[in-house]
Engineer: 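So that we are looking at the same thing, I have put the structure below in structure tokens.
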Amino acid sequence: MIGNPRVFVARLVGLSVFDPLGDEVGRVRDVVLAMSQRLRRTSGPRAIGLVVEVPGRRRVFVPMTRVTTIDAGQVITTGLVNMRRFEQRPGETSVVSELFDRRVRIRVNGEFEPAVVEDVALELQPSRDWVVTRVFVRKGAPTRPRPGLRLRRPKGEAVLAPIEQVEGLHLSVGEQGAEALLESLEDRKPADLADAIHDLSPKRRAEVTSAMDDETLADVLEELPDDDRVEILTSLSTERAADVLEVMEPDDATDLLSGLPDDTVEELLQMMQPEEAAPIRRLLTYDDDTAGGMMTPEPVILGPEASIAEALAVVRREELSPAVASLVYVCRSPLETPTGRLIGIVHIQRLLRDPPHQSIGSIVDRDFEPVPADASLETVTRLMANYNMVAVPVTDDEGRLLGAVTVDDVLDHILPEDWREERHDDPSLDEPPGLRDTAQADSDEGAARV
């Protein structure tokens, strides 16, 4: 027996999903509707399944025909869940991703008024289908924000309108904000947020990324496959794209720009602040699979007179990746790349073992092997493996520090070029043994997704 006859999607999102044995499968993240013209003439759009996030941040599809119970605190399914990654099909609409914040019109006293969708109500029909019967909207239209700011909700009257009084739910009509979707994703790590963005349609992806702040968008671009991030960057205005590139790590920004035409690259670099564009211009002069092409041009650099306390304060900065923060490079001034002569390196573990007032010049490690900017990927990889290093300094012929190749830079180059795409598409990731064998068992649900 299925529980409540009416369910609001906003309350459904986040509920735990359990199998018949009481084991938690995951959590509801979205509801998928069939928006065909035939269905909308006879009734509201029909819910055909749930998007459930399983361990590993993978999103899978659970047909509504496998849902036995929905109540205030849980969703119970029958049988095993097919762990194949959810892919939205033509004719399907995701409620949270595509309907929340959608601009619609509602009919009031024979006239249409603008409104924004805040929630959707599903009701169980005698046919055992879950159908959208009502839409919770707020009258008025949100003011259009500047790029990088989220849409503001209207402050008008809230109305629970019957589905037949709402015009504009179909995705070929109206406009949509991105506030609700961004709020549902705001606690994600950049890689997980990139996964969610990758799953959206190109149009919806552009809407959502345009509503992100520059820092969040920069983090997401660093995690997306090349095709996606080029598509997103080129959809932005030149000024906004330049702002986002300024926030990105220079090596990641260089990788992104290398996929664009030369004239576009130069236009973007001209729009950037000169001090932000300078390291990118230097990186663009190196081949991709060399130390110069892989390196981070902004490692942690201090003079020999700096104290251990100062060094610890610098490596403690939140924006530094663990690999970059693991080493301090001690150089003669100037302390921006290309620096003065590289004196040595100090590992973070050594910083933790010595008195805070001591200078880092007195504990510097000179027993290391830098690499030239034209060193091959194989050379850098072997050096790291032989000496268990997480970062390698890159110097010029005069011993000046140009940058550092970190282990994450190397991984980006030794993994297949499409590894980020495979991360989205590989159904075996985080999949418990035996669940792939249930794919055929779900074939009887195929008719529900046409």
Engineer: List in chain and number order the residues that pass salt bridge (charged side-chain N to carboxylate O under 4.0 Å, His left out) with R382, two or more places apart in sequence or in another chain; answer none if no residue qualifies.
Structural biologist: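 In terms of salt bridge (charged side-chain N to carboxylate O under 4.0 Å, His left out), with neighbours along the sequence ignored, R382 is linked to E378.
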
Engineer: Apply side-chain hydrogen bond (donor to acceptor under 3.5 Å, both in side chains) to T290 and list each qualifying residue two or more places apart in sequence or on a separate chain.
Structural biologist: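 Residues passing side-chain hydrogen bond (donor to acceptor under 3.5 Å, both in side chains) with T290: none at all.
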
Engineer: The criterion is salt bridge (charged side-chain N to carboxylate O under 4.0 Å, His left out); which residues satisfy it with E249, sequence neighbours excluded?
Structural biologist: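 Scan of E249 (salt bridge (charged side-chain N to carboxylate O under 4.0 Å, His left out), adjacent residues dropped) gives none.
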
Engineer: Please check if the side chain of S376 supplies one atom and the backbone of T379 the other of a donor-acceptor pair under 3.5 Å.
Structural biologist: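 Yes, S376 side chain to T379 backbone: donor-acceptor pair under 3.5 Å.
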
Engineer: A291: what forms a side-chain contact (heavy atoms from CB on, under 4.5 Å) with it, not counting sequence neighbours?
Structural biologist: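 Listed in chain order: V371, A375, V380, V394, V405.
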
Engineer: Ignoring hydrogens and geometry, is there a side-chain-to-backbone donor-acceptor pair from D30 to V96 under 3.5 Å?
Structural biologist: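 Yes, because the side chain of D30 sits within donor-acceptor range (under 3.5 Å) of the backbone of V96.
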
Engineer: Excluding sequence neighbours, so at least two apart, what forms side-chain contact (heavy atoms from CB on, under 4.5 Å) with R350?
Structural biologist: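 Here the qualifying residues are V346, R353, D354, I363.
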
Engineer: Please list, chain by chain and in numerical order, all residues satisfying salt bridge (charged side-chain N to carboxylate O under 4.0 Å, His left out) with R134, sequence neighbours excluded.
Structural biologist: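 R134: no salt bridge (charged side-chain N to carboxylate O under 4.0 Å, His left out) contacts found.
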
Engineer: Could you work out, with side-chain hydrogen bond (donor to acceptor under 3.5 Å, both in side chains) as the rule, every residue matching Q270, not counting sequence neighbours?
Structural biologist: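 By the side-chain hydrogen bond (donor to acceptor under 3.5 Å, both in side chains) rule, Q270 matches E266.
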
Engineer: Which residues satisfy the side-chain hydrogen bond (donor to acceptor under 3.5 Å, both in side chains) test with D289, sequence neighbours excluded?
Structural biologist: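 side-chain hydrogen bond (donor to acceptor under 3.5 Å, both in side chains) list for D289, sorted by chain: empty.
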
Engineer: What residues form a side-chain contact (heavy atoms from CB on, under 4.5 Å) with V230, not counting sequence neighbours?
Structural biologist: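 Counting only residues at least two positions away or on another chain, V230 forms a side-chain contact (heavy atoms from CB on, under 4.5 Å) with T234, L256, L260.
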
Engineer: Can you sort out the partners of L21 under side-chain contact (heavy atoms from CB on, under 4.5 Å), two or more places apart, ordered by chain and number?
Structural biologist: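 Residues passing side-chain contact (heavy atoms from CB on, under 4.5 Å) with L21: D19, D23.
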
Engineer: Is there a donor-acceptor pair closer than 3.5 Å between any side-chain N or O of D409 and the backbone N or O of T406?
Structural biologist: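 At least one qualifying donor-acceptor pair exists.
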
Engineer: Sequence neighbours excluded, which residues qualify as salt bridge (charged side-chain N to carboxylate O under 4.0 Å, His left out) partners of E123?
Structural biologist: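 Partners of E123 by the salt bridge (charged side-chain N to carboxylate O under 4.0 Å, His left out) criterion, ordered by chain and then number, come out as R6.
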
Engineer: In residues 313-320, what donor-acceptor pairs under 3.5 Å come from side-chain atoms, sequence neighbours left out?
Structural biologist:
| unit_1 | atom_1 | unit_2 | atom_2 | d |
| --- | --- | --- | --- | --- |
| R317 | NE | E319 | OE2 | 2.9 |

